[in-house]
Amino acid sequence: MDFLGLRTLTVISDTMKLVKKCRNIDVKFDKEMKDSKAFELWQTGSTSGIFQFESAGMRNFMKELKPDSLEDIIAGVSLYRPGPMDQIPRYIKNKLHPEHAEYTHPALEPILNVTYGCMVYQEQVMQIVRNLAGYSLGRADLVRRAMGKKKLDVMAKERENFIHGQLDDEGNIIIPGCVRNGIDEVSANKIFDEMAEFAKYAFNKSHAAAYAVVAYRTAYLKAHYPPEFMAATLNSYLGNLDKIPEYIDECKRLKIQVLQPSINKSYTKFAVYGNQIRFGLRKCKKCGYSCS
C-alpha cells in the first residue's frame, strides 16, 4: 500500500465545493473517463495545474502523443522517467501508426497491444512469464522482483525455467516453459533479454493508474469549471509566493479576470464571481491570518 497526502486531492475537493456554491451543480465525473474537452488540455499542452503533467518536458510529450484515452495518461505517468523515456519515441510512433508496432513473437501482442508493442509496466512482465511460460502468479512476481533488483544468479536460473520449463524430482512439470508452449527458443531468449533490460525501470501500472485518475479529474474540472478550478489551485498555494504569479498568468490565458483585493468584497482566500476570481486578502502583504 502506498498512501499519499496529495495537495491535488484538496484542490479537487475545493473545486467541487466552489462549483456547488457558485453554480449549484454537483460535479459528476464521467465513469468512462473519455471527456474530449479534458483530453484537449493534454493535446494542446494546456496542463498548468494538472497533476503530474505540468513540466515542460511532459507537456511536449503529451502534445506529440495526442492522448485520447486514460491508457495514454497511465502510460505517460510511467514513461516520463529516466530509463523508460527511451521508449517514448517508439510509443508515440506506434500510437500514431499502430500498424508499425512490432512484436518479438505473436504471443506478446495480446499483452503489449495496449501499449503499442512497448513494455511499460511491471504487470506486463508478470503476464508475459505467465502466458508464455506457464508461471504461477507467485512465481511470476518473484521473477519481476529478481529482474528489478538485478539478482543475476536468480535471473540465470529463471531464464532456463522460462525457456525450457522446470520439472520436479519425479519428472512432473512445475513450469511448462516457452518451448513446451510452442514458442521457439530464439524468440524466448530474446523476450527474456527484453524483459530483463526493461524491468530495471518498470513502473507499477496500478500506481500509475491511480495517478492518472487524479490527473484526469483535475483536467476534467479545469476543462468544464475553469474559474473554480483555478481559484482552488491558487488557494492551495497560499503559502507559496513563487507559484501564485504562475497560476494568475494561467488565469489570464484562460480569459479569467483576477480582480484586485477589496476590503468589502474579498474573502480570506481567492473567491469566484462568475468568470472572475477575486484576490484573497491572505495574500496581501502584512495581512495577518488568525484561526480565532
Side-chain angles (χ1 to χ4, degrees), residues 1-9 12 29 31-33 39 42 47 50-55 57-58 61-62 65 67-92 94-95 101 103-104 107-152 154-155 158-159 161-162 191-219:
M1 299 290 182
D2 187 4
F3 293 97
L4 304 177
L6 298 176
R7 175 198 307 272
T8 309
L9 299 179
I12 291 172
F29 297 104
K31 293 182 180 179
E32 295 79 15
M33 289 184 273
F39 285 109
W42 279 292
T47 51
I50 305 303
F51 179 60
Q52 292 282 307
F53 289 88
E54 293 193 88
S55 72
M58 184 63 98
F61 173 24
M62 291 293 106
L65 181 63
D68 54 12
S69 69
L70 191 69
E71 282 290 348
D72 287 338
I73 304 306
I74 297 170
V77 171
S78 303
L79 286 169
Y80 197 75
R81 297 176 302 113
M85 290 180 79
D86 295 340
Q87 292 262 29
I88 286 177
R90 181 185 173 195
Y91 186 94
I92 293 172
N94 290 350
K95 174 187 164 51
Y103 302 91
T104 303
L108 290 177
E109 186 169 356
I111 302 169
L112 301 182
N113 60 2
V114 71
T115 48
Y116 312 107
C118 303
M119 287 188 196
V120 178
Y121 311 116
Q122 292 176 0
E123 289 90 337
Q124 287 176 318
V125 170
M126 294 174 63
Q127 195 173 354
I128 288 169
V129 298
R130 291 195 68 221
N131 289 18
L132 276 61
Y135 277 63
S136 67
L137 272 171
R139 190 68 177 261
D141 190 49
L142 291 175
V143 174
R144 179 208 42 98
R145 277 190 279 174
M147 288 180 172
K149 295 181 180 179
K150 304 177 189 176
K151 295 182 178 180
L152 300 181
V154 178
M155 285 168 61
E158 291 302 339
R159 177 188 291 273
N161 293 339
F162 178 75
I191 291 167
F192 194 89
D193 287 340
E194 290 171 355
M195 288 192 299
E197 176 60 27
F198 163 75
K200 291 185 290 187
Y201 312 105
F203 205 65
N204 183 289
K205 185 176 184 180
S206 59
H207 185 135
Y211 271 22
V213 169
V214 174
Y216 177 84
R217 290 190 171 187
T218 57

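The backbone N or O of Phe53 lies less than 3.5 Å from a partner atom in the side chain of Thr47, making a donor-acceptor pair. Of the possible donor and acceptor atoms, one in the side chain of Gln124 sits under 3.5 Å from a partner among the backbone N and O of Tyr121. Remark: side-chain polar atoms of Glu123 are paired, donor with acceptor, to backbone N or O of Ser206 under 3.5 angstrom. The backbone N or O of Phe51 lies less than 3.5 Å from no partner atom in the side chain of Tyr211, so there is not a single donor-acceptor pair. The backbone N or O of Tyr201 sits less than 3.5 Å from a side-chain atom of Arg81, completing a donor-acceptor pair.
Counting all heavy atoms, side chain and backbone alike, Cys118 lies closest to Leu112 at O-CD2, 3.9 Å. Nearest heavy atoms, Tyr135 versus Ala140: CD2-N, 4.1 Å. Closest heavy-atom contact between Ile73 and Ala215: CG2-CB, 4.5 Å. Here the shortest heavy-atom pairing between Leu137 and Met126 reads O-CE, 4.1 Å.
Using a 4.5 Å heavy-atom cutoff, the side chains of Phe61 and Ile92 are in contact. A heavy-atom distance below 4.5 Å is not found between the side chains of Val143 and Met195. Side-chain contact between Met119 and Ile111: absent, with no pair of heavy atoms (C-beta onward) separated by less than 4.5 Å. Side-chain atoms of Met147 and Gln122, non-hydrogen and from C-beta on, never get closer than 4.5 Å to each other. At a threshold of 4.5 Å between non-hydrogen side-chain atoms, the residues Phe162 and Met155 do not count as touching. Using a 4.5 Å heavy-atom cutoff, the side chains of Met62 and Pro67 are in contact.
Once rounded to the nearest 0.5 Å, the distance linking CG of Leu142 with CZ of Arg139 reads 7.0 Å. Atom OH of residue Tyr116 and atom NZ of residue Lys95 lie 4.0 Å apart, to the nearest 0.5 angstrom. To the nearest 0.5 Å, atoms CZ (Arg217) and CG (Leu9) are separated by 9.5 Å. Taking CG of Leu79 as the start and CE of Met58 as the end, the distance is 8.5 Å to the nearest 0.5 Å. A distance of 11.5 Å separates CG in Asn113 from CG in Asn94, rounded to the nearest 0.5 Å. Atom CD1 in Ile88 sits 9.0 Å away from atom CG in Leu65 (nearest 0.5 Å).
A donor atom on one side chain and an acceptor atom on the other are found under 3.5 Å apart for Asp72 and Tyr91.
Tyr216 and Phe39 have their aromatic ring centers within a separation under 6.0 angstrom.
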### Task
Let me see the working for Gln87 and Val120 under side chain to side chain contact (heavy atoms under 4.5 Å, CB included), right down to the final yes or no.
CA-CA 8 Å; Gln87 292 262 29; Val120 178; 6.0 Å; no
